[in-house]
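What follows is a short report on a single structure.
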Amino acid sequence: MNITVSQRGEVSIAAILGEIDGKTAPLAQAQLMPILEATNKVVLDMSSVSYLSSAGLRMLLVLYRQATARSGKVALVGLSEEIKDTMSMTGFLGFFEVSDTLDAGLLSLA
Amino acid sequence: MAELTNVITPALDVQERRIDYYPTHDYNGYQLRPGKPYPFGTTLVPGGVNFSIFSNHATACTLVLFEKGGGTPLVEIPFPDSFRIGNVWCMIVFGLDVETLEYGYRLEGPWDPTAGQRFAPSRIILDPYAKAVGGREVWGQPPDWNDIFLQRGRLIFEDFDWEDDRPCEIPVEDLVIYEMHVRSFTADPSAGAKHPGTFAAMREKLPYLKALGINCVELMPIFEFNECENDRVSPETGERLFNYWGYSTVAFFAPKTSFAATGKFGMQVDELKTLVKELHRNGIEVILDVVFNHTAEGNEMGPTISFRGVDNQTYYMLTPEGYYYNFSGCGNTLNCNNPIVRNMVLDCLRYWVAEYHIDGFRFDLAAILGRDPWGTPMPNPPLLETLAFDPVLGKCKLIAEAWDAGGLYQVGSFPAYGRWAEWNGKFRDDWRRFLIGEPGMAGAVAQRIQGSPDLYGWNARGTTASINFITCHDGFTLYDLVAYNDKHNWANGEGGTDGGNDNHSWNCGWEGETDDPAIRELRRRQMKNAWVALMVSQGVPMVLMGDEVARTQFGNNNAYCQDNHLNWMDWSQCAQNADLLRFAQRMIAFRHAHPVFRNIAHLTNTDYAGSGYADITWHGTEAWQADWSDNSRVVAFMLDGRHAKGATQTDDMIYVIFNAYWDALHVRLPGLSHDRRWHLAVNTGMPSPRDIHPTGTEPPLDNQGSLLIGPRAAIVLVGR
């Protein structure tokens with residue numbers, strides 16, 4: 001798992017590559033939390049995430065809860081069909097702004 | 001007020017300073033610490049997992065850990081003697097991957113069946129408190145019986161984000177219960193579900209349930225069971241037979257993994273909770289059908305999965321020779337009034353209410369729960385009393401199937417403690433017999449209409465003690481009730497002898513499917529009559545999945561083993577039988593619209609509200625003249641709207657006439673006060689859509705003094 005961060009205006013874009021599971025989720029959280037605290041608006045580009053485990057879903061929700069407490073926002077873009085399906089069935093999807101493309105994701109945080 | 005950002009303290013800083021989050025022992029590279037006995041089962045603690053299991057007769061215990069699906073254990077960690085407190089072995093193991101770990105136990109102890117001891121340390125045992133079970137993720141896949149550990153304990157996160165959800169607490173008298181099977185609801189291709197037969201697929205169908213108007217689903221067993229526990233095939237089709245319904249619990253704390261589309265990812269807990277949350281959001285409660293009378297381990301010939309290997313003598317009712325009492329008809333009987341087992345049942349139900357926000361429970365063969373450890377019925381069974389007075393269960397519905405397979409029949413006498421309701425089998429039988437025209441049933445049906453005061457009046461339990469139903473998973477569907485005289489159970493592979501014989505059914509002139517339009521019309525009318533009977537009776541109505549669209553099991557009245565069209569809901573019937581579906585929807589809406597059907601106390605046949613009418617009055621073909629003779633097949637009654645819900649609400653006047661006679665009859669109507677007129681709400685003798693009129697649009701009767709009711713029909717009038 002690897003995270004690349006870029007900036008677009010006041011929004012941070014974090015592109016995640018690889019699998020988010022019980023081992024990598026804490027690492028991802030440790031990297032993403034300071035970014036959220038710095039900018040308050042984060043787009044997570046999930047298009048290169050091949051697998052998102054239960055622990056990964058929880059990491060996302062922790063980010064969401066932190067963002068909400070700070071009046072910030074987290075948007076997800078580029079979810080694969082299977083991950084989106086899993087997130088929907090387990091109740092995680094409804095918390096997030098979800099978009100197909102990066103541009104749409106940026107727009108959702110505007 | 002402090003800003004939110006200040007409230008959110010990174011908890012980890014504090015936790016890292018606690019000394020009990022550091023290991024004290026090491027076993028082959030696994031870091032350990034003495035655990036905490038409470039709570040039993042597994043609990044995630046910072047950095048590790050607390051494992052706790054009790055046995056009053058085991059002499060030693062070993063924790064067995066697997067990588068998910070692994071053929072051999074990762075490690076077997078014997079509990080150090082210093083980790084045992086009383087008869088509880090507890091241990092924290094650090095550094096485990098919650099998502100990929102599977103666990104079990106080996107318990108040592110005597111093999112002495114006549115003394116009730118059946119320890120089998122060669123076997124790996126499933127934790128009775130396992131909150132999730134791996135190994136059977138794919139429904140119907142034949143098990144590998146050579147697997148050294150078939151059904152494996154798994155760890156779960158218990159951090160579901162419920163937001164502001166909690167159990168709905170709908171007043172019990174306002175419920176309309178829909179009894180259903182999770183897999184049957186969406187398994188058929190006609191359901192068009194992306195993941196057929198799952199919790200997720202059921203969630204997709206919520207708009208259907210909402211449109212039907214029910215406000216409570218009662219789910220047939222969803223605790224982990226093994227549908228492949230038997231190895232039998234259908235003598236008719238050669239198809240494999242299953243323990244399909246699931247009345248055979250393997251793990252009381254774990255949802256059925258293969259009922260979840262995400263079960264293969266270990267997310268069944270989240271998927272079920274999401275379904276419950278979404279049901280609640282739509283105003284629909286969730287009652288679970290729980291089977292505490294026996295387990296999947298069967299008798300002494302059955303497999304050792306969990307309880308038998310943990311503490312056989314504690315968990316099961318045993319004969320003096322060490323054999324299993326069989327009050328359940330399923331091989332063994334859970335020893336539920338043993339104090340230990342009683343606590344497990346309580347732990348389990350509390351867990352489902354607290355963690356899953358479950359609204360209530362229906363207890364399969366609940367009369368067993370009132371038997372002492374030697375099988376004798378008790379006047380004051382501690383388990384039933386405990387559940388009735390427990391604070392966590394304090395607002396949830398407790399419903400008993402008030403009989404067992406050992407001959408104990410307690411409808412009307414189940415120990416209730418002001419809490420317990422009962423499946424009212426007499427409601428089912430009396431209405432069935434009345435509707436097919438049996439003589440001598442008018443008086444009995446009058447009791448059922450009033451919420452069965454003959455059964456529940458003697459100790460003032462009121463109408464809500466009675467769960468009213470005409471059909472349920474046991475026995476014929478509503479359509480089969482009007483299409484078959486006899487059961488047709490050959491496909492079950494028991495020589496046609498299984499299933500009940502007292503069906504009180506009538507095929508309306510031909511056994512099974514027919515093109516005869518007169519028979520088909522009569523069947524439709526009889527189904528509608530049953531819908532009316534359910535919705536105008538005091539008490540709590542329960543309907544069976546699919547009865548709103550004439551679901552058929554082709555005469556099979558005990559389809560417990562059939563994973564096919566005999567159980568599956570055929571969604572194409574929604575269009576084929578749209579008229580019946582419409583009737584059911586409107587009839588449910590009619591009940592919701594009229595509180596006069598939903599009294600809590602029994603009706604009194606007196607005018608305690610001073611309205612000029614008694615709360616209920618009885619009539620016949622002549623107004624004010626009920627005929628209770630054996631030959632009477634007409635029951636008519638008027639409910640006074642000023643007496644709705646114990647005179648706390650005001651409703652219309654309601655007049656209901658059932659004609660179970662084979663000819664049309666002239667009926668004289670009771671008069672209304674001068675400013676009111678009778679309007680026609682329901683007439684099952686009329687073709688759709690004139691069989692039922694939506695609330696508020698009922699046409700007034702031209703003749704306010706009398707009407708003609710068709711043969712075998714029901715009419716409902718609204719006076720306003």
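Chain letters run A, B, ... following the sequence lines, proteins first and then strands; every chain starts at 1.
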| said: What part of A:D21 gets within 4.5 angstrom of chain B, counting heavy atoms only: side chain, backbone, both, or neither? | reply: both
| remark: CD1 (A:I3) and CD1 (A:I20) are apart, to the nearest 0.5 Å, by 7.0 Å
| field | B:F253 ring center near B:W352 ring center (under 6.0 Å) | value | no
| Residue part contacting chain A, namely of B:K273, when any heavy atom lies under 4.5 Å | neither
| message | Does any backbone or side-chain atom of A:L52 lie under 4.5 Å from a heavy atom of chain B? Answer side chain, backbone, both or neither. | response | backbone
| message | Counting only non-hydrogen atoms closer than 4.5 Å, does A:E37 touch chain B with its backbone (N, CA, C, O), its side chain (CB onward), both, or neither? | response | neither
| Centre of B:F225's six-membered ring, under 6.0 Å away, within 45 degrees of the axis: is that where NZ or CZ of B:K256 sits? | yes
| query | With chain A, which of B:L275, B:L272, B:T198, B:D159 has the greatest number of heavy-atom pairs at distances under 4.5 Å? | reply | B:D159
| task | Check whether B:D161 gets within reach of chain A through its side chain, its backbone, both or neither, counting any heavy atom under 4.5 Å. | result | both
| task | Examine B:R152 relative to B:F66 and say whether NZ or CZ is less than 6.0 Å from the centre of the six-membered ring and inside a 45° cone about the ring axis. | result | yes
| query | Are B:F160 and B:H357 close enough that their ring centers fall under 6.0 Å? | reply | no
